[in-house]
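Structure first, then comments.
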Amino acid sequence: MSGEFNILITAASRRVAMIRGFTQALEDLGVAGRVLVCDSDRLSPGLRFADKFHLVPLSSEPEYIPTLLEICRKENIKLVVPTIDEELPVFGKHKKDFAAIGVTALVSDERVGLICNDKYKTSLFFAENGFPFAKTMLPEQLDFKSVKYPLFIKPRSGRGSVDAYPVKNEEELKFFLNYVHNPVVQNFLTGKEYTIDVLAGLDGRIIHVVPRERIVIRSGVSDRARTRKDEKLMNLCAKICGTLGVVGPVNIQCKIDNGKTTFFEINPRFSGAIQLTTAAGADFFRLIVQDAMGLKPEPAIGDFKDNFLMISYEESIFESNGVKKLPAVEKMKAGG
């Protein structure tokens, strides 16, 4: 591959570990290239860690994809990495548009994004394929006379544990059904909570699977966690992702209680604690760059440090006179 291998990460926000991961991957592989990011908010911390950034419209706006295509052309981007749930189906729908200008979009097809972004459709996929999943009901499917508590209510399309609540009785259930927008209701799961990071190649091959026990969770992201080399869980997650037909990074969430595994969510994107998986030896970033360059990395399932602990803390950025130390920036518009 001639020229620089430039990477564009969307919705930079707090994704510093991801930016650093791709930067380090290019360096380790001896590949010339830059890591660029985009965001709609000039104050996003991720902008401070990239080689360059662009301010863009929200992913819900019609100008979003045309703007990103223009950035990719202008900056000679080879790999674009979408990061938030709501843009995944949009990118999946436009993968061919990026491919037409020589850009690999690290995203599953639109169908996969639509299934994973809808908790009810996710439950149907798991049920239809015989995979264990929390019983999931729409409000109109509830029978208040026979329902058993506790339950768990969350938005049908949501992320980061926003508006997700345990429900202990009928009074709380009725309240939250009115409070949570477009909700689904699941049976309440007990046991240890896990996130399993999975990496599928651009051809759908499952390359890596790393389970992580979530010890402390804050705002839906693991603050403290450790890797767990559970072969049964790894094989099951590889089968789930292969059946779904994912591409790129995926994270699956489950609880394990007395040896029984029950899944409750799957997201076809990087997890919020991908840095633990990478530090444990499963360098998703390096493997992704190799794959996008046509080098076809071999599957390495199980090749990571077991019982490897992560303890996270907050780190702040301080700036005088506004945004003083930002990298080069341009505010892009479609065709601009």
Side-chain angles (χ1 to χ4, degrees), residues 14-25 27-29 83 126 131-134 159-161 188-201 205-242 246 248-291 297-315:
R14 298 166 62 92
R15 295 169 179 83
V16 175
M18 191 185 304
I19 297 166
R20 286 172 167 167
F22 276 115
T23 301
Q24 189 64 49
E27 182 179 331
D28 290 346
L29 291 168
T83 67
F126 273 73
F131 300 126
F133 198 83
R159 58 187 171 93
S161 296
F188 188 87
L189 301 179
T190 57
K192 292 183 178 180
E193 186 168 334
Y194 286 76
T195 291
I196 303 90
D197 284 323
V198 180
L199 179 62
R205 294 176 308 136
I206 305 303
I207 298 174
H208 238 309
V209 184
V210 181
R212 300 184 278 104
E213 180 187 347
R214 308 180 83 190
I215 301 170
V216 176
I217 304 168
R218 181 172 56 86
S219 299
V221 178
S222 297
D223 249 8
R224 302 169 200 171
R226 69 175 78 243
T227 57
R228 294 293 193 193
K229 197 170 288 190
D230 183 329
E231 290 190 13
K232 182 179 177 182
L233 183 59
M234 290 155 58
N235 290 335
L236 180 55
C237 289
K239 187 175 182 181
I240 291 169
C241 289
V246 300
V250 183
N251 68 87
I252 311 176
Q253 292 179 284
C254 70
K255 284 199 174 184
I256 301 179
D257 191 9
N258 292 321
K260 181 182 179 182
T261 300
T262 306
F263 296 96
F264 60 90
E265 192 159 319
I266 179 169
N267 304 293
R269 55 165 171 76
F270 278 108
S271 65
I274 188 62
Q275 65 269 27
L276 170 54
T277 289
T278 300
D283 192 342
F284 281 26
F285 303 108
R286 180 172 181 158
L287 292 166
I288 287 167
V289 172
Q290 289 176 318
D291 200 18
E298 291 298 318
I301 298 173
D303 187 12
F304 62 90
K305 296 177 185 176
D306 191 19
N307 199 31
F308 193 64
L309 179 67
M310 176 188 74
I311 303 171
S312 301
Y313 64 96
E314 288 284 358
E315 185 176 349

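Heads up: numbering here begins at 1 and tracks the sequence.
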Q | Straight-line distance of Ile301 CD1 to His208 NE2, nearest 0.5 Å | A | 8.5 Å
Q: Could you please spell out the steps behind the side-chain contact (heavy atoms from CB on, under 4.5 Å) verdict for Thr190 and Lys255?
A: CA-CA 7 Å; Thr190 57; Lys255 284 199 174 184; 5.9 Å; no
(Q) Restricting to side chain to side chain contact (heavy atoms under 4.5 Å, CB included), what partner residues turn up for Ser222, sequence neighbours left out? (A) Arg212, Arg214, Ala225, Ala273, Met310
**Q.** Non-neighbouring partners of Val16 that pass side chain to side chain contact (heavy atoms under 4.5 Å, CB included), sequence neighbours left out
**A.** Arg20, Phe49
Q.
Suppose we call two aromatic rings close when their centres sit under 6.0 Å apart. Are Phe126 and Phe263 close by that rule?
A. yes
Q. Any Lys/Arg nitrogen of Arg14 or Glu314 sitting under 4.0 Å from an Asp/Glu carboxylate oxygen of the other?
A. yes
Q.
Just to verify, what does Thr262 make a side chain to side chain contact (heavy atoms under 4.5 Å, CB included) with, not counting sequence neighbours?
A. Ala134, Leu189, Lys260
Q. With a 4.5 Å heavy-atom cut-off, do Ile207 and Phe284 have their side chains touching?
A. no
Q: Please check if any side-chain donor atom of Thr278 sits under 3.5 Å from a side-chain acceptor atom of Asp283, or the reverse.
A: no
Q: State the NZ-CD distance between Lys192 and Glu213, to the nearest 0.5 angstrom.
A: 4.5 Å
Q. Within a reach of under 6.0 Å around CZ of Arg205, are more than 12 heavy atoms found that belong to other residues, nucleotides or ligands?
A. yes
Q | For Thr23, side chain to side chain contact (heavy atoms under 4.5 Å, CB included) partners two or more places apart | A | Ile19, Val35
Q: Rounded to the nearest 0.5 Å, what's the gap from CG on Leu236 to CD on Glu231? Could you check?
A: 13.5 Å
Q. Of all residues at least two apart in sequence or in a different chain, which pass the side-chain hydrogen bond (donor to acceptor under 3.5 Å, both in side chains) check with Asp223?
A. Arg218
Q: Enter the distance from Cys254:SG to Leu233:CG here, rounded to the nearest 0.5 Å.
A: 5.0 Å
Q. Can you list the steps and then say if Ile274 with Phe285 is a side-chain contact (heavy atoms from CB on, under 4.5 Å)?
A. CA-CA 10 Å; Ile274 188 62; Phe285 303 108; 3.8 Å; yes
(Q) Quick one, Thr195 and Ile252 - any side-chain contact, counting heavy atoms below 4.5 Å? (A) no
Q) Would Asn251 and Phe270 satisfy side-chain contact (heavy atoms from CB on, under 4.5 Å), going step by step from the backbone distance to the final call? A) CA-CA 7 Å; Asn251 68 87; Phe270 278 108; over 6 Å; no
Quick one: side chains of residues 302-309, donor-acceptor pairs under 3.5 Å with protein atoms, not counting sequence neighbours, listed by atom name and distance.
from   : atom 1 : to     : atom 2 : distance (Å)
Asp306 : OD1    : Lys229 : N      : 2.8
Asn307 : OD1    : Arg226 : NH1    : 3.1
Asn307 : OD1    : Arg228 : NH1    : 3.2

Q | Worked check of side chain to side chain donor-acceptor pair (under 3.5 Å) between Ser271 and Asp197 | A | CA-CA 7 Å; Ser271 65; Asp197 284 323; 2.8 Å; yes
Q) Would you say the side-chain atoms of Asn267 pair up with the backbone N or O of Arg269, donor to acceptor, closer than 3.5 Å? A) no
Q) With respect to Ile240, which candidate in Ile196, Val198, Ile266, Ile206 satisfies the side-chain contact (heavy atoms from CB on, under 4.5 Å) definition? A) Ile266
